[in-house]
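I'd like to ask you about the structure that follows.
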Number of protein chains: 2
Amino acid sequence: MSSNVKEAILSAARKAAQAHGYGGLNFRELAAEVGIKAASIHYHFPSKADLGAAVARRYWEDIAAELEAMQAELPDATACLQHYPAIFRRSLENGNRICLCSFMAAEYDDLPEPVKVEVQAFADVNVTWLAKALSTAEGGDASTGSARALAIFAAVSGAQLLARSRADVGLFDSLIGSYRDTGLLPG
Amino acid sequence: MSSNVKEAILSAARKAAQAHGYGGLNFRELAAEVGIKAASIHYHFPSKADLGAAVARRYWEDIAAELEAMQAELPDATACLQHYPAIFRRSLENGNRICLCSFMAAEYDDLPEPVKVEVQAFADVNVTWLAKALSTAEGGDASTGSARALAIFAAVSGAQLLARSRADVGLFDSLIGSYRDTGLLPG
DNA sequence: ACCTGAACACCGTTCAAGT
DNA sequence: ACCTGAACACCGTTCAAGT
């Protein structure tokens with residue numbers, strides 16, 4: 001098991017990155033929150049890129065576990081799809097934060113390569129899960145399901161971003177409702 | 001008429017902000033591009049917040065003019081709606097940049113107040129235009145049209161973000177196509 | 001093994017000083 | 001009117017030094 005300090009850094013960095021992005025990650029603030037000095041972070045994570053990649057990896061691993069659990073608990077694929085936006089909703093509830101990888105998608109061109117890899121992995125996890133749920137629910141072929149999965153992922157990300165800029169979770173719900181009404185999301 | 005230097009700063013700052021965000025705006029790089037020193041920027045824009053607000057204001061003014069022109073040239077409201085995503089597409093074509101205000105929506109909580117105001121204005125311009133086009137095209141009532149307009153704006157923003165993170169304009173087109181197929185966008 | 005202070009080159013910003 | 005150099009407190013990072 002990793003040290004408590006390393007875990008504490010990871011956890012604090014994740015919350016900070018969901019609020020301020022990779023560029024907004026601040027070693028001195030992070031260190032203060034954990035109770036060490038800024039230079040000490042480099043003992044656990046050699047560079048900011050290493051920290052960013054570790055945070056993003058942990059993030060998509062957690063989401064992947066959550067998606068698997070959802071799939072296990074809700075045998076109905078359509079019910080799964082209906083619950084999907086709730087994952088993005090929770091970030092907003094939790095301090096008006098957004099999905100780590102939505103933030104990093106905006107920052108993408110400026111990210112170090114190891115961080116980019118993890119951001120892609122997050123998108124892949126989501127799209128693969130959605131495509132599988134869609135094909136189970138509606139029996140479409142794989143290619144159509146994949147295009148639709150990408151569309152859902154992009155649209156829900158956009159809804160989260162807009163809702164955050166208004167600090168209005170109700171707007172997120174309303175946007176998801178519109179996606180359902182128009183047929184993008186199953187309803 | 002404003003000085004050439006001020007205009008040059010504004011133009012360079014806009015391109016930089018569409019690529020790196022408000023936080024990524026760099027006075028020394030910006031100054032080098034314009035041919036002055038970093039400290040000189042503060043003569044034209046007292047603070048980074050002033051520069052950011054001026055850039056965002058100019059941005060939505062330009063987009064608003066473009067939307068009006070589109071409306072004037074295409075009397076068919078449905079044709080207008082079909083052309084709407086092209087505005088977001090162009091940013092991607094232009095150096096894999098994104099809509100200034102999508103970036104700033106991610107950074108929203110960290111933006112100075114004057115910049116926030118302009119980011120909101122951009123969203124309002126888009127949503128108002130979309131709502132008008134929707135009601136003209138389909139004759140729905142105002143409230144439904146507004147909800148739908150928000151949904152289109154959010155979804156197209158999300159598509160732009162995802163396409164940028166893959167540096168793939170074709171993905172943007174494919175996402176817009178999916179939005180059309182599912183009925184979110186008129187087709 | 002884990003942490004730190006001091007230093008480095010970078011940021012936005014200020015301001016007195018130049019022309 | 002417009003620009004600048006030098007200084008300030010901040011960044012991530014390095015590294016020799018501590019325990």
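Per chain, numbering begins at 1; letters A, B, ... match sequence-line order. Note: hydrogens, waters and symmetry copies are ignored here, and every other heavy atom, side chains too, is used.
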Are B/Phe103 and B/His20 an aromatic pair by the rule of ring centers under 6.0 Å?
-> no

For A/Leu25, answer base if it contacts any base atom (sugar-phosphate contacts may also be present), sugar-phosphate if it contacts only those atoms, and nothing otherwise; contact means non-hydrogen atoms under 4.0 Å.
-> sugar-phosphate

Could you state the CD1-C1' distance from B/Ile41 to C/dC11, rounded to the nearest angstrom?
-> 13 Å

To the nearest angstrom, how far is B/Tyr22 atom OH from C/dC11 atom C1'?
-> 13 Å

Would you indicate which nucleotide in D/dG12, C/dT13, C/dT4 comes nearest to any side-chain atom of A/Ser40?
-> C/dT4

Pairing annotation in dot-bracket form, given for DNA chain D with Watson-Crick or G-U pairs under 3.5 Å and | for cross-strand partners | ||.|||||...|||||.||

Give a yes or no on whether the backbone of B/Ala163 and the side-chain of B/Asp168 come within a donor-acceptor separation of less than 3.5 Å.
-> no

Nearest of D/dC2, D/dT13, D/dA7 to any side-chain atom of B/Tyr43?
-> D/dC2

First of A/Asn26 and A/His42 reached from the 5' end of DNA chain D, by closest nucleotide = A/Asn26

B/Lys6 NZ to D/dC2 P, straight-line distance once rounded to whole Å | 9 Å

In whole Å, what is the span from the CG atom of B/Leu51 to the C1' atom of C/dC11?
-> 15 Å

Test: B/Lys6 cationic atom under 6.0 Å from B/Phe45 six-membered ring centre, within 45° of axis = yes

Between B/Val5 and B/Arg28, name the one whose nearest nucleotide on DNA chain D is closer to the 5' end.
-> B/Val5

Is a side-chain donor or acceptor of B/Arg164 paired with a backbone partner of B/Asn96 at a separation under 3.5 angstrom?
-> yes

Nearest-Å distance, CD (A/Glu7) to P (C/dC2)?
-> 13 Å

Give a yes or no on whether the ring-centroid distance for B/Phe172 and B/Phe88 is below 6.0 angstrom.
-> no

For atom CG of B/Asn4 and atom P of D/dC2, their distance in whole Å = 11 Å

Roughly how many Å is it from CD1 in B/Ile36 to P in C/dT19, rounded to a whole number?
-> 19 Å

Please check if the side chain of A/Ser157 supplies one atom and the backbone of A/Phe153 the other of a donor-acceptor pair under 3.5 Å.
-> yes

Starting at NZ of B/Lys48 and ending at C1' of C/dT13, how long is that distance when rounded to a whole Å?
-> 12 Å

Among the nucleotides C/dT4, C/dC3, C/dC15, whichever has the atom closest to the side chain of A/Ala39 is C/dT4

Would you say the side chain of B/Leu67 lies within less than 4.5 Å of the side chain of B/Val125, judging by non-hydrogen atoms?
-> yes

